[in-house]
Amino acid sequence: TQLLEQSPQFLSIQEGENLTVYCNSSSVFSSLQWYRQEPGEGPVLLVTVVTGGEVKKLKRLTFQFGDARKDSSLHITAAQPGDTGLYLCAGAWDYGGSQGNLIFGKGTKLSVKP
Amino acid sequence: KAGVTQTPRYLIKTRGQQVTLSCSPISGHRSVSWYQQTPGQGLQFLFEYFSETQRNKGNFPGRFSGRQFSNSRSEMNVSTLELGDSALYLCASSSFGTGPYEQYFGPGTRLTVT
């Protein structure tokens, strides 16, 4: 059973378009992280959200944590080819705890064509 | 601050052989986790070490083992390699403080078993 569902699995868009990636669970998380991974490299931490309803912005990327802390979304405005990569969300059950309480989604593979 | 480093970056082995992968965490981080990443399964947790002790273990056979040294550097070993062990092996380090749990990944070791 996949405890953290990401959708869509694949997304191919043109440069300049907007997109939203979703991360959903039936579990409540104490925090949730978003990572971006490029082929052959390790995931890079983009942001951590902690409070229900929290919104964080990183240039053209907007991250939101659901009010109930069970879901999150990543919105990219005016996507660029450099945004291409695998986007992973990871939920932690234990604030400041151990890896044993961290779960990863399978990721959304984004391709932005020039 | 230097990031997580992993060696080697690429490795080709034959079925039945064994392999040792190395990981140096971010300075000051005492927790090291290992993951296996494949296209079909995504990121799967192998094990986590903290202060030289294994704190958590994923659902992998006993052929996969690890250890952590007093300087927090970690190694993982896979014995009797199988074709299905071909994957990107990722190491991540974490610190424990007052903030939410976050992991920082290395670039990975690409293992190919022939």
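Every chain is numbered from 1 and lettered A, B, ... according to where its sequence line falls, protein lines coming before strand lines. All heavy atoms count here, side chains included; hydrogens, waters and symmetry mates do not.
In Arg15(B), the CZ atom is not crowded: 12 or fewer heavy atoms of neighbouring residues, nucleotides or ligands sit closer than 6.0 Å. Atom CD of Gln17(B) sits in a crowded spot, with more than 12 heavy atoms from other residues, nucleotides or ligands closer than 6.0 Å. Counting non-hydrogen atoms of other residues, nucleotides and ligands closer than 6.0 Å to NZ of Lys57(B) gives a total above 12. Within a 6.0 Å sphere centred on NZ of Lys109(A), heavy atoms belonging to other residues, nucleotides or ligands number 12 at most. The number of heavy atoms from other shown groups lying within 6.0 Å of CG (Leu58(A)) is above 12.
Rounding to the nearest 0.5 angstrom, the gap separating the NZ atom in Lys106(A) from the CD atom in Gln41(B) is 5.0 Å. A distance of 6.0 Å separates CD in Gln37(A) from CG in Leu90(B), rounded to the nearest 0.5 Å.
Using a 4.5 Å cut-off between heavy atoms, Glu41(A) touches chain B through backbone and side chain atoms alike. Heavy atoms of Gln6(B) lying under 4.5 Å from chain A are absent altogether.
Side-chain contact check for Val47(A) versus Glu102(B): every heavy-atom pair is 4.5 Å or farther apart.
Residues of residues 104-114 of chain B that come within less than 4.5 angstrom of chain A, heavy atom to heavy atom, are Tyr104(B), Phe105(B), Gly106(B), Pro107(B) in numerical order.
Closest heavy-atom contact between Gln103(B) and Phe104(A): OE1-CE1, 4.2 Å.
At a threshold of 4.5 Å between side-chain heavy atoms, the hydrophobic network of Ile, Leu, Val, Met, Phe, Trp and Tyr places Tyr22(A) and Tyr35(A) in two separate groups. Cluster annotation: Val44(A) is not connected to Val112(A) through the hydrophobic network of ILVMFWY side chains, with a link wherever side-chain heavy atoms come within less than 4.5 Å. Linking ILVMFWY side-chain heavy atoms closer than 4.5 Å, directly or via other members, places Phe10(A) and Ile76(A) in two distinct hydrophobic clusters.
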Which atom pairs, one a donor and one an acceptor, fall under 3.5 Å between side chains of residues 58-69 of chain B and the rest of the protein, sequence neighbours left out?
{"residue": "Arg63(B)", "atom": "NH1", "partner": "Ser79(B)", "partner atom": "O", "Å": "3.1"}
{"residue": "Arg63(B)", "atom": "NH1", "partner": "Thr80(B)", "partner atom": "O", "Å": "3.2"}
{"residue": "Arg63(B)", "atom": "NH1", "partner": "Asp85(B)", "partner atom": "OD2", "Å": "2.8"}
{"residue": "Arg63(B)", "atom": "NH2", "partner": "Asp85(B)", "partner atom": "OD1", "Å": "3.0"}
{"residue": "Arg63(B)", "atom": "NH2", "partner": "Asp85(B)", "partner atom": "OD2", "Å": "3.3"}
{"residue": "Arg67(B)", "atom": "NE", "partner": "Glu75(B)", "partner atom": "OE1", "Å": "3.4"}
{"residue": "Arg67(B)", "atom": "NH2", "partner": "Glu75(B)", "partner atom": "OE1", "Å": "3.3"}
{"residue": "Gln68(B)", "atom": "OE1", "partner": "Phe50(B)", "partner atom": "N", "Å": "3.4"}
{"residue": "Gln68(B)", "atom": "OE1", "partner": "Ser51(B)", "partner atom": "N", "Å": "3.2"}
{"residue": "Gln68(B)", "atom": "OE1", "partner": "Glu52(B)", "partner atom": "N", "Å": "2.9"}
{"residue": "Gln68(B)", "atom": "NE2", "partner": "Arg30(B)", "partner atom": "O", "Å": "3.1"}
{"residue": "Gln68(B)", "atom": "NE2", "partner": "Ser72(B)", "partner atom": "O", "Å": "3.1"}

